Amino acid sequence: MGKVNTSFFRKVYIVVYQIPYGRVSTYGAIAHFIGTRGAARMVGWAMNASHNIVPQVPAHRVVNRLGLLSGRAHFSSPNLMQQLLENEGIQIKDDKILNFEQVFWDPSKELKP
DNA sequence: AAGCTGACAGCAG
DNA sequence: CCTGCTGCCAGCT
């Protein structure tokens, strides 16, 4: 994959880097925070392009607004996303984070611009 | 070069 | 409640 250094992608990564261990955020929350409300799909695309870049982007900490692991298919192994999250103490059943309310990390609230 | 495609989300019907 | 249309925007055909 070619250029990953667009300003949009960088903004996404900067936020994702700040998601704390054991917490998750959502595509929509991130899009909203960086000022492109509604561009949640592009956040997903940014995650897709983030596999090569260094330092590693904790893309497994980004899920959809229902707490579903919608991106799991894009990891090197289908179970990797779930395993990484479970390693951080997050409980998952049927691709859904059980205690989603508790572990959800909203950049708009946690980060003051 | 123009259109299609997404790891989404919100609202209408 | 659930299905579906629309906005969003970079990359790929």
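Keep in mind that the numbers below use all heavy atoms, side chains included, and drop hydrogens, waters and symmetry copies. Note on naming: letters A, B, ... go to the chains in the order of the sequence lines (proteins, then strands), and numbering restarts at 1 for each one. Everything quoted here is computed from the prediction, not taken from an experiment.
- Across all strands, A:H51 comes closer than 4.0 Å to base atoms (heavy-atom distances).
- A:R65 comes within contact range of the sugar-phosphate backbone alone, with a heavy-atom separation under 4.0 Å but no base atom that close.
- Between A:L69 atom CG and B:dC8 atom C1' there is a gap of 15 Å when expressed in whole angstrom units.
- At the phosphate of C:dC9, neither OP1 nor OP2 sits under 4.0 Å from any side-chain N or O atom of A:T36.
- Rounded to a whole Å, the CZ atom of A:F33 is 17 Å from the P atom of B:dA9.
- Here the closest non-hydrogen pair linking A:K96 and A:L66 is NZ-O, 2.8 Å.
- The listed nucleotides are C:dG11, C:dC9, B:dA9; the one nearest the side chain of A:A39 is C:dC9.
- Considering only heavy atoms from C-beta on, A:F9 stays 4.5 Å or farther from A:S50 through its side chain.
- Protein atom CE of A:M42 is 4 Å distant from nucleotide atom C1' of C:dA10, rounded to whole Å.
- What separates CG of A:N64 from P of B:dA9 is a distance of 5 Å, to the nearest Å.
- The CE atom of A:M81 sits 12 Å away from the P atom of B:dA7 (whole-angstrom rounding).
- Closest approach of A:Y27 to A:S70, counting heavy atoms only: CE1-OG, 3.6 Å.
- Distance, A:I53 CD1 to C:dA10 C1': 15 Å, rounded to whole Å.
- Using atom P as the reference point in both C:dC2 and B:dA7, the two lie 24 Å apart (nearest Å).
- Taking only distance into account, the side chain of A:R37 never meets the base of C:dG7 through a donor-acceptor pair shorter than 3.5 Å.
- Rounding to whole angstrom units, CZ of residue A:F8 and C1' of B:dC8 are separated by 11 Å.
- Note that CD of A:Q18 is 11.0 Å distant from OG of A:S25, once rounded to the nearest 0.5 Å.
- One finds no salt bridge joining A:R23 and A:E88 here, because no Lys/Arg side-chain nitrogen approaches an Asp/Glu carboxylate oxygen to under 4.0 Å.
- Rounded to an integer number of Å, the gap from CD1 of A:I34 to P of B:dA9 is 13 Å.
- Nucleotide C:dC8 forms no Watson-Crick or G-U wobble pair with any nucleotide shown, as no partner meets the under 3.5 Å limit on both distances.
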